[in-house]
Structure formats: C-alpha cells, structure tokens
2 protein chains.
Amino acid sequence: MATTATVEMTAEPKYWHLRTVLLQAIDSEFAAGQTLPNERELSARFGVARATLRQALEQLELEGRLHRKRGAGTVVAGPRLEIAMSTHNEGWPGVDLGDRQLVDGTTAPVPARIAAQMGLRPRAMVHRVRRRQLSMRQTVGIECLYVPRAVVPRVPELLGDNRRAGLVLRHLRHHALEGMSRSVELGVAEAEEARLLERPPGSAVLVVTTAYAAQGRTAALVVATYRADTCRLAFGDEPVSVARSAS
Amino acid sequence: MATTATVEMTAEPKYWHLRTVLLQAIDSEFAAGQTLPNERELSARFGVARATLRQALEQLELEGRLHRKRGAGTVVAGPRLEIAMSTHNEGWPGVDLGDRQLVDGTTAPVPARIAAQMGLRPRAMVHRVRRRQLSMRQTVGIECLYVPRAVVPRVPELLGDNRRAGLVLRHLRHHALEGMSRSVELGVAEAEEARLLERPPGSAVLVVTTAYAAQGRTAALVVATYRADTCRLAFGDEPVSVARSAS
DNA sequence: TAGTGGTCTAGACCACGGT
DNA sequence: CCGTGGTCTAGACCACTAC
C-alpha cells in the first residue's frame, strides 16, 4: 500500500489484479474497522481510472472484505458473523446472543411467488409476520413467516406479540407436522428489504426458504434473508467446534 | 420491449429502474434460452449509456436471471437447479440425476485457510481430492475433500479411483464420527475454480463447508463450491415436495 | 471476419455523512 | 459545509464466439 505500484498489463484484467493487490494489503496492513484511503486517491496511486478501481472494490465488497458507505468511506470488514440455522428451533424461536424484533404483521392476499411455493390459490389470504434478526448489535437478516388464514384463523394475536409467531410454529409442529424442507440460494435485496438490512438495493443476500408440511400441504413458509457480505449460515446438526473462519 | 421506453428520472437510479423494466420484459416476453438484443442496441433503445445498461444486466446476472457470454450474447436463464445437500450422503456419494467426475487428487502441505479450519499445524500434509459435480449435463459445482495424511495414510488409493473418496468418508463415518457441522456462505470463484465452473473470475459462488469430527478433531473437511447463479441448495431433511421455484 | 460482451478511460454531477 | 462514495456519460479498444 505504501508503494506507488503501477498495475502491470498481464493476461488478467487490471481490476482483478488490483483486487488481489488490495486483498493482500488489507490482510497485511489493515485491521478490521480501519478506513481505506478514498477512491480518488487510490485510483491515482495505482494509476488507473476511478471506475477500474471501483470494480476491484465492488468485488471485495461482494466477498464481504470491505464495507463502503456513501458519505463516510471504505472500511475493512471483520470476519463474518455465524448465524445458527439449527434444525430444532427452525430459526424462529430466540437463540444465542442475537435476538429478534418484530417488524410488522399483516393479513393480505398471498404474493404470487409465495402462492406458487405453498401451493395456494392465487387470491388466498395469508398472515405475514416479519422479524428483524440481530447479531452483535446489527441487523443481519429479515425473517418473513407466511401462514394461510385457512390454517390459523386467529388473526390479531399474530400481530400483537413478538412471541406469538413462535407459538404458531410450535403449535403446527405438535399437531401435524410431517416434515420440513429448506433451501438456500443467492438473491438481491429489493427496495424495502434493502432498507431493513441497511444496505443499498441490489445487494447480495442469502435467501433461506423453509417449508413446513402438514397434512400433505405446506402449512407455513419462512423466507429468511441474510446479508451475504456479513453472514455465514451454520447448519451444524451437532455443535462440532470448528475454528472461526480464517478471515 | 417493443416500446422505445425512455427511462424517467425518479428517485431511484436509472440502472435500477432499468433492471425492473428488463425483469418484466424477460418474464413476459421472453422464454428461457432466448437471446436478448445486444447491449449497444438495448442502451440505444432505452436512451442510456451502455455502461448504465450493463449495470442493470449485471444485477440480473447476479440474480441468475440472465447468462451472458462474451462473443455469444445475453440469454434468458431457466429456473435454478436444485442441488440436494442431504444429511445422509453428505453430498459425496453419488446422487440422483447429477453425477460426479474426478478432477484430480494430490497430497501436499495444507493451505493456510484449511489448516485453520481443521486445526492442523501449518505444514501438515493433507490429501486433497477434487470432484466436479454435474447436473443436467452442466458443471454446477466443485467439491474439494481434505483429509490429513495422519488420519488416512494410504495415499495412492485416493488418487486413482473416483469412488475411493466416498469410501474414505464412509470409513470415517463408521469408525469414530462424532458429528458433522456445515456452513454456507457467499464467495467468489478465483482463477482455477472459475475455470472449472466455466465462469469468469469473480463470479458469485455458494461455498458449503462441511467438517467431519472424530476423536475431538476434524478428520475431514469438504469445501463445495456451487455456481450461485444457477443453483439452489436443498437441505430438506425429508423430501417434502415444494413446488419448483417460481422462476 | 463480423458481432458480441468485457475492459478501460477521463471526465461530470449527485446524494449522503459527518463536522 | 466539505469529503465521501454513487451514478452516469460517450467514447475507445480488446477478447472471444460463431459463422
């Protein structure tokens, strides 16, 4: 970082080489939380256009190695937060150090995507309860629980209390829960979701979809969205201690 | 798509609005596999610079809705492939329609990252076996198995045969397997990995790390890397049928 | 070889954060 | 207010694919 290294033209693109150089720099010369020089200075120092430098920074941000904020600056990220996705508590009842806050609860016609996944009629009514998941004092994910009104007719109880959503799932589980299936995929945060996650629209998120089956139908669906840059989802069936991620 | 829609300046960035417009277009007017007009034509049609249009296309590619290939064109992607991550076969023995091919096998000093995760000395020797996972006739992920030579001294057997790696794990499982822990996080494909996945460097991948514990140590580690644009990882404990992803 | 997406430049202005 | 990252432009050339 101290050197005024001119990026050599090799077979690989400049921005990719630049990423490698920056990666070595933040690994060796910067600590987590430290602020990097601004983009204009960095681009000058490496002798590239600002757009090219930004391409490298965008890569590193996608990898969760940097956090950038408009008006503030670019800081080196710490190691990813480990989010427990235990089979037993389905990620809904409270867990370890991170707690959850109720965002809102509504009852409305089911969105098209959700209807397809739950096998509901297009206009069916569903309860929706959203919760914000916190870890280390920062919002790390948004959970969204869908339950058809046909399954649980009691509406207002869902809305009022933070714990009721958990009760609903526990209720379902003891009654006729035949199984659970879960998938993980990459998505991007759109408008409101992005706002709740304190990220710009288009940010990469890990989408965990959990379907609870009862009586041959999907009785509940949880769509949890986690910041891909700061989270690692832990599915350990047993808490075998693995050393924390090597940065 | 037929209209020469000028993107209006609203509160949201042009590229984001453009993404929305393109998303509606490919949902309503294009089928999977169909080729879009080229970037220069699209940018002209929407009255924006090519770089701005490309920002929108990059978003859609990250979301797995488009595939772009240099020299060829931009095509509409099909629904994501569902990759089974069953607890029982650990993703290593062969499964359903997708099979696996041996890439290579080596015995070498353990990489720093892996050493940290397995709790090995820095210079310890480990066997490494890599396999390519196929689904629907395309490479969808790379699995990389690490086993310390101290645990399994038989070297050459690992290299020769595709099935031996599975045997090693099965062997470990029946002997002293105390538990398994697994995590999922976002990563990017670097040089060789990118090549094996037939993707450019920097492409988003889902990294599944599975640690097998025996006698208080990590006896084996599997790092599986899947194309984030084309894969959805299914962790269903029981195969509850969920309707395939609503595109 | 023609056409595609990929890279890169050198500017400009805007929106936000902290002072 | 100033400095930051975010957006956008109008070019240019390169690397690859398909024909």
Side-chain angles (χ1 to χ4, degrees), chain A residues 6-20 22 34-62 65-77 188-189 191 194-195 198-203 229, chain B residues 6-20 22 33-62 65-77 188-189 194-195 198-203 229:
Chain A
T6 301
V7 176
E8 313 259 337
M9 205 14 175
T10 63
E12 63 186 357
K14 275 188 187 176
Y15 80 91
W16 187 254
H17 183 224
L18 206 45
R19 164 196 170 276
T20 306
L22 288 169
Q34 206 168 343
T35 302
L36 258 56
N38 71 54
E39 296 182 352
R40 287 164 182 85
E41 159 140 12
L42 283 177
S43 59
R45 199 181 309 190
F46 287 104
V48 299
R50 193 179 150 215
T52 304
L53 173 81
R54 278 178 60 80
Q55 241 181 310
L57 294 182
E58 276 153 22
Q59 275 288 334
L60 292 169
E61 187 173 40
L62 181 67
R65 303 302 304 266
L66 293 178
H67 293 156
R68 303 146 86 199
K69 208 157 56 171
R70 186 199 303 229
T74 302
V75 302
V76 176
V188 301
R195 191 179 53 75
E198 298 162 359
R199 297 248 62 201
S203 305
D229 58 341
Chain B
T6 301
V7 176
E8 313 259 336
M9 205 11 176
T10 64
E12 64 186 357
K14 277 186 185 176
Y15 82 91
W16 186 254
H17 184 222
L18 206 46
R19 165 195 170 274
T20 306
L22 288 169
Q34 205 168 345
T35 301
L36 259 54
N38 72 54
E39 296 182 352
R40 288 164 181 86
E41 158 139 13
L42 283 177
S43 60
R45 197 182 309 191
F46 287 104
V48 298
R50 192 179 151 216
T52 304
L53 173 83
R54 277 179 60 79
Q55 242 181 308
L57 294 181
E58 276 154 23
Q59 274 289 334
L60 291 169
E61 187 174 40
L62 182 66
R65 303 302 305 265
L66 294 178
H67 293 155
R68 303 147 87 199
K69 207 159 56 171
R70 172 192 263 167
T74 302
V75 302
V76 176
V188 303
R195 191 179 52 74
E198 297 162 1
R199 297 249 61 202
S203 305
D229 59 341

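Just so it is clear: chains get the letters A, B, ... in the order the sequence lines come, proteins before strands, and each one is counted from 1. As the structure is a computational prediction, the values presented were derived from the model and not from experiment.
- One interatomic measurement links the two molecules: CZ of A/R195 to P of C/dA15, which rounds to 20 Å at whole-angstrom precision.
- Atom CG in A/L60 sits roughly 14 Å away from atom P in D/dG5 (whole-Å rounding).
- Taking the side chain of A/R40 as heavy atoms from C-beta on, and the options C/dG6, C/dT9, D/dG6, the nearest nucleotide is D/dG6.
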Go through A/R65 and A/E61 one step at a time and tell me if the salt bridge (Lys or Arg N to Asp or Glu O under 4.0 Å) criterion holds. CA-CA 6 Å; A/R65 303 302 304 266; A/E61 187 173 40; over 6 Å; no

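- Side-chain contact check for B/T35 versus B/V76: every heavy-atom pair is 4.5 Å or farther apart.
- Here A/E58 pairs with A/R54 in a salt bridge; the nearest charged N to carboxylate O distance falls below 4.0 Å.
- The phosphate of C/dG6 has OP1 or OP2 within less than 4.0 Å of a side-chain N or O from B/R68.
- A/Q55 has its CD atom 14 Å from the P atom of D/dT7, to the nearest Å.
- Across the protein-nucleic acid pair, B/L42 atom CG and C/dG5 atom C1' stand 12 Å apart, rounded to whole Å.
- The phosphate of D/dT4 (OP1 or OP2) has a side-chain N or O of A/N38 nearer than 4.0 angstrom.
- Positionally, the nearest nucleotide of DNA chain C for B/E58 lies more toward the 5' end than for the other of B/E58 and A/A51.
- Residue B/T74 places at least one side-chain N or O under 4.0 Å from the OP1 or OP2 atom of C/dG5.
- Spacing between atom CZ of B/R50 and atom C1' of C/dG3 amounts to 11 Å, rounded to whole angstrom units.
- With rounding to whole Å, B/E39 atom CD is found 17 Å from D/dG11 atom P.
- Out of C/dG6, D/dA18, D/dT9, the shortest distance to the side chain of B/A49 is found at D/dT9.
- You'll find the side chain of A/E12 stays beyond 4.5 Å of the side chain of B/P201, heavy atoms only.
- For the pair A/K14 NZ and C/dT7 P, the interatomic distance rounds to 13 Å; values are reported in whole Å.
- For D/dG3, its base never sits under 3.5 Å from the side chain of A/R70 at any donor and acceptor pair.
- Residues B/R199 and B/D229 are paired through a salt bridge, judged by an N-O separation under 4.0 Å between the basic side chain and the carboxylate.
- You'll find that the side chain of A/T52 is closest to C/dC8, out of C/dC8, D/dT9, C/dG6.
- Side-chain nitrogen and oxygen atoms of A/Y15 include at least one within less than 4.0 Å of the OP1 or OP2 phosphate oxygen of C/dT7.
- Protein atom CZ of B/R54 is 9 Å distant from nucleotide atom P of C/dG5, rounded to whole Å.
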